Structures are given as structure tokens and as C-alpha cells.
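Each remark here refers to the structure printed beneath this line.
Letters A, B, ... mirror the listed sequences (proteins, then strands); counts begin at 1. Not measured: the values here are computed from a predicted model.
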Amino acid sequence: MKRLTLERPSDGAIVKLRKNLFLIKSVALSHCRTVVLNLTWIIFIISGCSSTFLVSKDGKGYFFGSKSDAIYRMLCDSGDLRKILKDATKIKEDTKDAIYQANCVNRSGEKVKEIYAAMTPEERKDLRNAFKLNGYDINHMPC
Amino acid sequence: MRYRSVIGMVCIGMMLLISPRLVASSEVGKTAPVFELKDLDGKKVSLSDFKGKVILLNFWATWCAPCKAEMPSLENLYRSFREKGLVVIGISVDNSEKTVQSFVKEKAITFPILLDKGKEVSFDDYGVIGLPVTFLIDQKGIIVEKVFGEKRWDSEEVKMKIKRLLEGR
């Protein structure tokens with residue numbers, strides 16, 4: 001009968017084991033990421049039509065008027081929204097103020113939606129072009 | 001437990017996705033903005049070309065799952081009523097014309113598809129936010145209904161509504 005002995009694994013085996021552990025960790029992380037992405041997608045779907053349009057720059061996109069810190073940094077902290085509104089010459093000053101307030105001061109997606117709905121086609125066109133001029137894209141989202 | 005709550009959220013999401021939202025909108029009761037866009041053959045098409053007809057104006061994109069899901073029923077509705085005077089126009093906001101073309105071919109869509117890559121019509125003229133959005137326009141050019149989200153367009157309820165509009169009621 002053979003006797004079983006415990007031997008120290010070779011260096012190659014240890015490296016292989018470490019690689020496998022790293023792979024397991026990566027798979028687990030990607031699963032978490034998938035769940036988070038799915039949840040974000042569901043939130044997008046739920047808020048879809050009741051929300052506003054999506055503004056994106058450098059691969060990052062957020063709902064215009066949303067209360068997230070990320071869009072605040074992107075539009076308000078950076079001064080981009082001020083520049084965009086300055087470039088939108090066909091929008092009335094009080095509408096511009098209302099857009100800025102609703103995005104950077106008393107942040108409200110509902111208010112943004114109201115302002116957008118009340119804007120004329122010319123004003124919407126001007127806003128879209130001003131976003132474009134400042135490196136932003138405007139996109140629709142699925143309802 | 002965690003999985004149950006995730007499944008629950010998925011179900012809520014699906015329910016909201018499936019149910020079309022009929023929201024009282026500021027556009028309803030107003031004249032439909034006239035536009036001119038190119039179709040898939042590069043031919044210019046204007047809304048005014050269909051003056052006096054009942055029009056179903058559907059804003060969509062190939063990346064929008066609910067938009068793609070309602071397309072077959074929209075095509076069915078069009079086939080049922082085109083001889084009676086219903087016009088269905090699909091306005092795609094896709095960036096790639098080729099993607100639209102292959103989708104239209106694959107799904108055998110016969111109603112006119114126009115391209116609004118720059119979103120001049122969807123964003124500027126019609127104030128579209130989410131997709132799909134469909135505007136029902138009567139023979140006088142007035143928007144009588146704005147439908148948010150996916151809808152079964154070949155249902156009896158829709159057919160009755162279209163029939164009434166075609167009869168001028």
C-alpha cells in the first residue's frame with residue numbers, strides 16, 4: 001500500500017494557484033459589477049420618460065437636472081453649464097437663470113423638465129447646439 | 001433574500017417597461033410641428049406631404065429595446081389601415097444609417113422611416129426625452145395623443161381609435 005505524503009508545491013504550482021485566485025476574484029468582482037449595472041439600468045428604465053434627457057462628455061453621461069454629485073462636478077463645479085448658457089444666445093435670461101438654478105442651486109429634475117417643456121423649438125435647438133459647442137452630446141433614453 | 005429583492009426590482013422594471021405611459025402632455029391639442037427629413041433612400045420627406053391624413057409619428061432607435069419590441073405591431077397596424085388613409089412614420093434617432101437599414105430589412109418594415117441623426121426634429125421640434133414616443137396626429141394636423149413607451153399598436157383598442165379618427169369623429 002502506498003503512503004501519502006504531503007509535499008511542498010513547486011514554485012510553478014504556487015504561481016498557477018495565485019493566478020487562479022486572481023481569476024476567481026476578478027470573476028466575483030465582474031458579477032458584482034453586472035448586478036450594479038443591471039440595477040442602474042432598471043433605475044434608468046424606471047426614471048426613463050419621467051426623467052430628462054442624457055448629457056454626456058468624455059464617455060460619462062448623466063440625466064440633465066439629476067441630483068448626482070457626478071453631474072454637479074461635470075456641469076457646475078467645472079463652470080461648463082455657465083459657458084453653455086452663455087453660448088445659448090437665443091434663450092431668454094430668466095430661462096437661463098432657471099436652468100442654472102435647477103441644475104446647480106436648488107437641484108430638481110422636475111423643474112428642469114418643466115423648463116424644457118416650456119421652451120420653444122428655437123430655444124431647444126440653441127441649448128442643444130450650445131452643449132455641442134462645449135463638447136457635450138445630448139441623447140434620448142429608452143422609456 | 002438579496003436575490004429576491006433583485007428579482008423584485010427586475011419585475012417592477014419590466015412592468016414599467018411593458019406598460020405604456022399616457023401622460024397628459026403640453027403638446028397635445030397643438031399643431032404638429034412641420035419638418036423635413038431624409039428617408040433611407042436619401043429622399044426628402046416632409047410632414048406636410050401627408051396633409052389631411054391621420055398620422056402616427058413614432059420616434060425610435062435600434063438601441064432602444066422597447067422601440068424594437070413595438071415595431072411589429074406598428075407594422076401590423078399600418079398594413080391594416082394604410083388603404084384607409086393611415087400614415088405611419090418612423091423617425092430614427094440612430095447615428096448609423098446602416099444599422100437602421102438592416103433592422104428595417106430584417107423586420108420587413110414597409111412604412112416610411114426617416115432619419116433624425118442630429119435630433120433636430122426629436123429634441124428641438126417635438127421635445128422628445130425618452131424613447132419610444134409616438135404622436136397621434138389627426139387630419140387637421142393637431143396632436144391628439146402622445147404615447148410614452150412601448151405599446152401594442154395592433155390591439156383592438158388602438159384600431160378603434162384609429163378607425164374613429166379616420167372617420168373624422
Side-chain angles (χ1 to χ4, degrees), chain A residues 28 31-56 61-66 88 90-91 95 109-133 136-143, chain B residues 2-3 5-27 30 33-35 59-70 91-95 116 118-134 146-151:
Chain A
H31 276 299
C32 286
R33 230 174 276 149
T34 311
V35 170
V36 170
L37 275 174
N38 283 341
L39 287 177
T40 314
W41 187 239
I42 289 164
I43 291 163
F44 268 152
I45 288 165
I46 292 168
S47 56
C49 288
S50 58
S51 192
T52 60
F53 51 89
L54 205 71
V55 287
S56 54
Y62 308 99
F63 283 119
F64 194 50
S66 84
K90 286 174 189 165
I91 300 176
T95 308
E110 276 307 302
K111 187 72 192 163
V112 167
K113 222 172 71 178
E114 271 175 43
I115 300 164
Y116 173 72
M119 283 165 82
T120 62
E122 288 74 26
E123 286 175 325
R124 284 185 202 141
K125 185 180 180 177
D126 201 27
L127 183 66
R128 184 174 51 79
N129 286 335
F131 265 111
K132 214 172 168 183
L133 203 68
Y136 285 84
D137 267 332
I138 284 178
N139 279 302
H140 305 294
M141 282 301 294
C143 284
Chain B
R2 203 180 286 168
Y3 279 108
S5 56
V6 170
I7 289 166
M9 284 186 80
V10 170
C11 291
I12 294 167
M14 290 304 285
M15 278 162 67
L16 283 162
L17 185 74
I18 291 163
S19 65
R21 276 145 274 176
L22 295 165
V23 182
S25 146
S26 55
E27 288 93 347
K30 289 184 182 166
V34 175
F35 58 83
F59 289 89
W60 70 288
T62 55
W63 47 259
C64 160
C67 305
K68 290 199 283 182
E70 70 173 1
I91 298 186
S92 160
V93 296
D94 279 271
N95 288 326
D116 185 28
K119 299 173 187 73
E120 288 95 348
V121 176
S122 64
F123 188 87
D124 305 348
D125 296 341
Y126 281 82
V128 171
I129 293 174
L131 295 176
V133 166
T134 309
K146 182 179 179 180
V147 180
F148 293 94
E150 185 188 334
K151 191 175 173 83

**OP:** Using non-hydrogen atoms and a 4.5 Å limit, figure out which bit of B:V128 sits close to chain A: side chain, backbone, both or neither.
**Re:** both
Subject >> More than 12 heavy atoms from other groups under 6.0 Å of NZ on A:K125 >> reply: no
**OP:** Starting at CE of A:M141, measure out to CD1 of B:I129 and round the result to the nearest 0.5 Å.
**Re:** 12.5 Å
Subject >> Any side-chain heavy-atom pair of A:H140 and B:V133 under 4.5 Å >> reply: no
Original post:
If you measure from CG on B:D124 to CG on A:N129, what distance do you get to the nearest 0.5 Å?
Top reply: 7.0 Å
**OP:** Counting only heavy atoms closer than 4.5 Å, note whether B:Y126 contacts chain A via side chain, backbone, both or neither.
**Re:** backbone
Subject >> chain B contact via A:N139 - side chain, backbone, both or neither, heavy atoms under 4.5 Å >> reply: both
Original post:
Which atom pair, heavy atoms only, marks the closest approach of A:P142 to B:W63?
Top reply: CD-CZ3, 3.7 Å
Original post:
Using a cut-off of under 4.5 Å for heavy-atom pairs, which of B:A61, B:G118, B:C67 has the most such pairs with chain A?
Top reply: B:G118
Original post:
Should the pair B:F123 and A:F53 be assigned to parallel (<30°), tilted (30 to 60°) or perpendicular (>60°) ring geometry?
Top reply: perpendicular
